[in-house]
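Values below: all heavy atoms of this structure, side chains included; hydrogens, waters and symmetry mates excluded. Small disclaimer: the values here were computed from a predicted structure and weren't measured. For the single chain, residues carry numbers from 1 onward in sequence order.
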Amino acid sequence: MPKIKLIVEGGAMKPGPAVAQQLGPMGINLGKVIADVNTATSGFKGLKVPVELDVNPKTKGYSIEVLSPPMAELIKKEMKLEAGSGEAGKNYVGNISFEQIVGIAKTKQPGLLARTLKNAVKLAVGSCVSLGVLVDSKNGKETMREIEDGKYDKEIDNEITEPTTEKKKQLEDFWKDLSARQERSKKALAEAKAAEEEAKAAAATAAGAATPAAGATPAAGGKTAATPAAAAPATKGAGKKEDKKK
């Protein structure tokens with residue numbers, strides 16, 4: 001049976017060229033497939049989900065297998081994020097606890113090549129780095145080094161997936177402060193850029209006003225006077241005709 005692999009939005013698959021190109025030649029009811037996929041992925045609303053369809057060309061029957069969403073999608077769902085930073089390492093979009101990372105890694109591990117939970121956790125932390133999400137108020141690269149040093153062995157070995165109330169508050173307070181500082185920095189940067197553009201525009205306007213018009217020369221006192229037209233050349237032979245008349 002042919003296996004068709006798709007990436008769809010959970011509960012919101014829609015018809016499109018890519019879908020029609022893969023499913024059209026199978027001769028199956030596209031509308032029914034979309035409805036069935038949306039039902040199967042309804043628990044992953046807002047996430048990009050890998051889906052595999054096993055199609056029987058003879059009977060036009062099919063089965064749907066929903067795979068675990070990519071690690072980054074699970075992190076975004078956990079943090080209620082629409083998108084990553086876009087400036088990872090410079091600006092951050094959230095602050096996740098290490099315990100939450102363990103929970104995400106456990107969910108994803110069966111579909112990963114990672115043989116141990118610790119390796120799955122590393123992959124999750126790596127996704128946080130790419131998204132611009134802090135882990136325990138630190139850049140994920142620093143957290144990765146601490147994992148290697150054994151700092152988080154207790155959380156991983158005991159599969160602790162929920163931070164304490166005290167830790168939650170610490171992470172939230174840190175994020176509120178950092179988020180406010182980031183917003184001030186972005187505002188200051190935008191204002192500086194606007195001022196720079198305004199200064200450039202003013203300089204260009206002043207330079208244009210100071211440039212003399214074509215065909216004009218500066219007169220005394222800095223004023224511009226028109227350049228006199230060149231005298232018309234004397235008509236050749238005019239003087240000789242006058243002499244003959246005399």
Are [X] and [Y] close enough for a salt bridge, meaning some N to O gap below 4.0 Å?
X: D177; Y: R181; answer: yes
X: K118; Y: D157; answer: no
X: K76; Y: E82; answer: no
X: E162; Y: K168; answer: yes
X: K176; Y: E172; answer: no
X: E73; Y: K48; answer: no
X: E9; Y: K45; answer: no

Checklist entry - In this structure, are over 12 heavy atoms from other groups packed under 6.0 Å from K60 atom NZ? => result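 Counting neighbours around NZ of K60, more than 12 heavy atoms of other residues, nucleotides or ligands fall under 6.0 Å, so yes.
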
Item to check | E87, CD: over 12 other non-hydrogen atoms inside 6.0 angstrom | outcome: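 Atom CD in E87 is crowded, with more than 12 foreign heavy atoms closer than 6.0 Å.
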
Checklist entry - Looking at residues at least two apart in the chain, or sitting in another chain, which of them share a side-chain hydrogen bond (donor to acceptor under 3.5 Å, both in side chains) with Q100? => result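 Scan of Q100 (side-chain hydrogen bond (donor to acceptor under 3.5 Å, both in side chains), adjacent residues dropped) gives E78, S97.
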
Taking atom [atom1] of [X] and atom [atom2] of [Y], what is their separation to the nearest 0.5 Å?
X: M79; Y: I104; atom1: CE; atom2: CD1; answer: 8.5 Å
X: K90; Y: Q182; atom1: NZ; atom2: CD; answer: 10.5 Å
X: I101; Y: I147; atom1: CD1; atom2: CD1; answer: 8.5 Å
X: E142; Y: R145; atom1: CD; atom2: CZ; answer: 6.0 Å
X: Q109; Y: T107; atom1: CD; atom2: OG1; answer: 10.0 Å

Item to check | Residue pair V133, N95: steps toward the side-chain contact (heavy atoms from CB on, under 4.5 Å) verdict | outcome: CA-CA 6 Å; V133 173; N95 189 20; over 6 Å; no

Can a donor-acceptor pair be found, under 3.5 Å and without considering hydrogens, that links the side chain of [X] to the backbone of [Y]?
X: K80; Y: K77; answer: no
X: D54; Y: Y62; answer: no
X: N38; Y: M13; answer: yes
X: S85; Y: N91; answer: yes
X: K108; Y: P69; answer: yes
X: N29; Y: G31; answer: yes
X: D149; Y: K151; answer: no

At their closest point, which heavy atom of [X] faces which heavy atom of [Y], and how far apart are they?
X: P25; Y: A20; answer: CD-O, 3.8 Å
X: G103; Y: T161; answer: CA-CG2, 3.5 Å
X: I75; Y: S127; answer: CD1-CB, 3.6 Å
X: C128; Y: I96; answer: SG-CG2, 4.1 Å
X: I4; Y: Q22; answer: CG2-OE1, 3.2 Å

Quick one: do [X] and [Y] end up in the same hydrophobic cluster if we chain Ile, Leu, Val, Met, Phe, Trp and Tyr together by side-chain heavy atoms under 4.5 Å apart?
X: M71; Y: L134; result: no
X: V121; Y: M144; result: yes
X: V66; Y: V55; result: yes
X: V135; Y: L123; result: yes

Minimum side-chain heavy-atom gap [X]-[Y] below 4.5 Å:
X: V51; Y: L67; result: no
X: L6; Y: P50; result: no
X: L171; Y: W175; result: no
X: Y92; Y: L131; result: no
X: V49; Y: S68; result: no
X: P15; Y: I34; result: yes
X: L53; Y: V33; result: yes
X: D136; Y: Y152; result: yes

Next on the checklist: The test is salt bridge (charged side-chain N to carboxylate O under 4.0 Å, His left out); show your working for D173 and K169 and say whether it passes.
Outcome noted: CA-CA 6 Å; D173 290 345; K169 186 176 186 310; 2.8 Å; yes

Checklist entry - How about N119 and T116: does a side-chain donor come under 3.5 Å of a side-chain acceptor? => result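 On atom types as modelled, these side chains qualify, holding a pair under 3.5 Å.
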
Checklist entry - In this structure, which one of N158, I160, L117 forms a side-chain contact (heavy atoms from CB on, under 4.5 Å) with V102? => result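 Running side-chain contact (heavy atoms from CB on, under 4.5 Å) over N158, I160, L117 with V102 returns exactly one hit, L117.
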
Checklist entry - Is there a salt bridge (charged side-chain N to carboxylate O under 4.0 Å, His left out) between K187 and E183 once you walk through the steps? => result CA-CA 6 Å; K187 184 178 179 181; E183 287 303 315; over 6 Å; no

